[in-house]
Amino acid sequence: MKLCFIGTGYVGLVSGTVLSDLGHEVVCYDKDPCKIESLNKGICPIYEPGLEEIIKRNYNIRLSFTNDLKKALENAKAVFIAVNTPEAEDGNADLSFVYQALDNITQVYKEGTIIIKSTVPPKTCSKVKEYLSKFNVNLNVISNPEFLKEGHAIKDFIAPERIVIGAENEDSKNIANEIYKPLINRGHKILLTDTTTAEMIKYASNSFLAIKVGFINEISNLCEIVGANVEDLSYGIGLDSRIGEKFLKVGPGFGGSCFPKDIMALSYLAENYGDPLLLVKTVIQSNNARIERMVQKILNVFGGSIKGRTLSALGLAYKAKTDDVRSSPAIAILKRLKELGASIKAFDPKAMQKAESVLPEVKYCHSIEDAIKDTECIVILTEWEEFKNFDYEYYKDTVKGKVIIDLRNILNKNSLNSYKYISLGRS
Ligand code: UDX
């Protein structure tokens, strides 16, 4: 089946590429000619483990890239909209890119199926259906939210724990079943529901996960006060199958292009209906407050002021295995430390280029050794394996101050005899 993807970001590029690998003919369109040019030169605009190989395996066989929309839409059985839906000023989801895509698509694509893969508020598909009735088109509208995690996206797409389809008629359901047949035949679950419920599943899923992360982060604060160990606590509560071990890893706060945006949009939506989601509102406040709490933790090491101090920042991405710095707690913390007068040397295995555009005011180093050299304190902000395996003892004489503040709890205090080691939720 020929499929067209509008948007070659983290979701569109991964989904389109993997669907081509599963046997569909996929044309990925992006309005940004630079992205398409890079992709046609074999340069992947995002870092996602395993993605480049799958693109290479399918490129110009079942997978192509273009910014010629007419060509992309020609004979497409379905068009996926995978454009970004950023947070608007008021917290609502900004759907302008979705509607721009619809306006462009309907000029040339009159018959077929629109599949909204972008994360959109509940009732968006219904509104899109109404919007399309203004045009002389006959288009089904399906909701197909994505659940892939950056850094794990290929596995999440090839082996999804569920495929969620919101469809309003049999024809749409048949199209969706046809597209995902290769995965359904491997036993992966497909949930067919209405579009509003499908849209809600996405927001409820991300909000619940955000609340779970926010919960362990707050519990770790209390662990520090009472002298408990949050790592043992996390393991201990996670052994309860009703809780589960995942998303109980303490950190500097959740970030990325989804959690912060999605919980704001859900909170905004509920507020607008006059029935606020208090839990969701609270986790937004809790996560925002965590940045200042992490900054304070660092200040405390220097008696309350870091003016004139030189710190090493290991990690810029919002989490490991991605180059994405959107809503990264690392970036937010470093901006605050700069405001408070610190000099910063930073290193991240993948996110440096993206970080430089949002955080020009730090010195970017090209190795861990270089980033820690002559600094008074090492702050670990992202849980890269490289930072976990690095031999800090071996380089102890290259640093000025032997202090490590581990905001991801990835190191073992017993292997850092020469350092003062500070972490989260562990006395
Ligand atoms: C998330 C959802 O998991 C995914 O289903 C959805 O499609 C997109 O949003 P992603 O943002 O890629 O995926 O990252 P995820 O691994 O979910 O982590 C989100 C944030 O929570 C990151 O900042 C991460 O560092 C943080 N986190 C996650 C923790 O602090 N502790 C954890 O135990 C898990």
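As the structure lists them, so they are numbered: ligands from 1, and atoms in each ligand from 1.
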- Task: Give the residue and atom name of whichever protein heavy atom lies nearest to atom 12 (O) of ligand 1, and the separation in Å to one decimal.
- Result: E150 N, 2.7 Å
- Message: Among all the protein's non-hydrogen atoms, which is closest to atom 21 (O) of ligand 1, and how far away is it?
- Response: F254 CB, 3.4 Å
- Query: In the protein, which heavy atom is nearest to atom 3 (O) of ligand 1, and how far is it?
  - Reply: K149 CG, 3.5 Å
- Given that the side chain starts at C-beta and the backbone is N, CA, C, O, which of these parts of N206 lies under 4.0 Å from ligand 1, counting heavy atoms, or is it both or neither? side chain
- Note on the structure: A student checking ligand 1 against V213 at a 4.0 Å heavy-atom cut-off should list atoms 27 (N), 28 (C), 29 (C), 30 (O), 31 (N), 32 (C), 34 (C)
- Considering only non-hydrogen protein atoms, determine which one is nearest to atom 33 (O) of ligand 1 and report residue, atom name and distance to 0.1 Å. K249 N, 2.9 Å
- Message: Please classify the R290 to ligand 1 contact at 4.0 Å (heavy-atom distances, strictly less than): side chain, backbone, both or neither.
- Response: neither
- Does the N or O separation between L148 and ligand 1 drop below 3.5 Å for any pair? yes
- Message: Under 4.0 Å, counting heavy atoms only: does C258 come that close to any atom of ligand 1?
- Response: yes
- Message: Whether R336 and E292 form a salt bridge (side-chain N of Lys/Arg under 4.0 Å from carboxylate O of Asp/Glu) is what I want to check.
- Response: yes
- Task: May I ask you to check whether N67 and D32 show a side-chain donor-acceptor distance below 3.5 Å?
- Result: no
- Residue, atom name and distance, where the atom is the protein heavy atom closest to atom 5 (O) of ligand 1: F147 O, 2.8 Å
- Note on the structure: When distances are taken from atom 1 (C) of ligand 1, the protein heavy atom at minimum range is F259 CE1, 3.5 Å
- Query: Closest approach of S234 and L248, non-hydrogen atoms and distance?
  - Reply: OG-O, 2.9 Å
- of all protein heavy atoms, closest to atom 16 (O) of ligand 1 is K319 NZ, 2.9 Å
- Does K350 count as lying over the ring of Y47, i.e. NZ or CZ under 6.0 Å from the six-ring centre, within 45 degrees of the axis? yes
- Message: What protein heavy atom lies closest to atom 10 (P) of ligand 1? Include the residue and the distance to one decimal.
- Response: Y318 OH, 3.4 Å
- Counting heavy atoms only, which of E383, K321, K202, E146 is nearest atom 6 (C) of ligand 1? K202
- Message: I need the contact type for L248 against ligand 1. Using non-hydrogen atoms and a strict under-4.0 Å cut-off, is it side chain, backbone, both or neither?
- Response: backbone
- Between K249 and E231, is there a salt bridge with N-O shorter than 4.0 Å? yes
- Task: Check whether the ring centres of Y419 and Y421 lie less than 6.0 Å apart, and answer yes or no.
- Result: no
- Any chance the side chains of T8 and D30 put a donor and an acceptor closer than 3.5 Å? yes
- Does R408 have a non-hydrogen atom less than 4.0 Å from ligand 1? yes
- Query: Listed by chain and number, what are the side-chain hydrogen bond (donor to acceptor under 3.5 Å, both in side chains) partners of Q353, not counting sequence neighbours?
  - Reply: none
- Query: With no hydrogens and no angle check, do the side chains of E393 and S415 hold a donor and an acceptor under 3.5 Å apart?
  - Reply: no
- Face-on cation placement of K202 at F147 ring, 6.0 Å and 45° thresholds: yes
